[in-house]
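Here the structure comes first, spelled out in structure tokens, and everything after it is commentary.
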Amino acid sequence: VEALPQLRQAHPQLKLALVGQTDVFGAELTELAKREGVAEAVVMPGFVSDQELAAYYQHAKLYVFPSLSEGFGLPGLEAMANGVPVAAAKASCLPEIYGDAAAYFNPRETTDIARVISGLLSSPKQLDALRQAGLKRVKWFSWKRMAEQTLALYKNVLRDS
């Protein structure tokens with residue numbers, strides 16, 4: 001939200017969709033958008049169905065994930081699986097999980113967030129390269145593979161004890 005005023009200078013039609021349960025944090029973001037003068041550009045539909053979420057992905061030019069602390073980064077992988085390019089925080093596990101299938105920014109620097117997003121939005125070629133890389137990267141991960149690896153780990157632990 002803080003980067004949006006800078007972004008709208010170069011991309012005046014840009015909208016930011018914040019999908020998910022609205023809570024105290026959502027109210028803070030709404031107030032921040034008002035203070036920053038971009039409230040009309042911020043869409044907060046709250047919790048959405050899987051079908052509605054698919055529609056948001058279909059219309060997204062870019063998925064932005066500015067998380068400072070993640071356990072794994074499933075939301076970005078979900079975006080990649082839906083063919084949406086990803087820009088993410090260079091923090092936590094995200095670079096390890098997304099590899100070269102995402103563009104990265106410093107999540108504590110609004111100007112860096114705006115720079116990376118604006119650069120991507122100005123480059124259809126770069127967006128397409130990230131889209132293709134994301135579709136490849138997401139194939140590295142599956143629930144079946146995770147279950148198989150977890151089972152193998154349990155078997156090794158039991159065998160060694």
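In what follows, every heavy atom counts, from backbone to side chain, and hydrogens, waters and symmetry copies are set aside. Heads up: numbering here begins at 1 and tracks the sequence.
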E148 vs R145, salt bridge (Lys or Arg N to Asp or Glu O under 4.0 Å): CA-CA, chis, key distance, verdict: CA-CA 5 Å; E148 289 169 347; R145 184 170 162 219; over 6 Å; no
Side chain to side chain contact (heavy atoms under 4.5 Å, CB included) involving R159 - partner list, sequence neighbours excluded: N156
Side chain to side chain contact (heavy atoms under 4.5 Å, CB included) against Q9, all qualifying residues, sequence neighbours excluded: none
Crowding at CG, D160 (>12 non-hydrogen neighbours, <6.0 Å): yes
Q149 atom CD, over 12 foreign heavy atoms within 6.0 Å: yes
I want to check something: taking the side chain as every heavy atom from C-beta on, are [X] and [Y] in contact at a cut-off of under 4.5 Å?
X    : Y    : value
V42  : T30  : no
S92  : L68  : no
R131 : D128 : yes
I97  : P95  : no
K90  : N106 : no

Residue pairs passing the ring pair (Phe, Tyr, Trp, His ring centres under 6.0 Å) test where at least one lies in residues 61-114, sequence neighbours excluded: Y63-F65, F72-F141
Reported OG1-to-CE distance for the pair T22 and M44, which is rounded to 0.5 angstrom: 6.5 Å
Test log, rule salt bridge (Lys or Arg N to Asp or Glu O under 4.0 Å), inputs R8 and E40: CA-CA 12 Å; R8 286 183 48 102; E40 78 288 347; 3.3 Å; yes
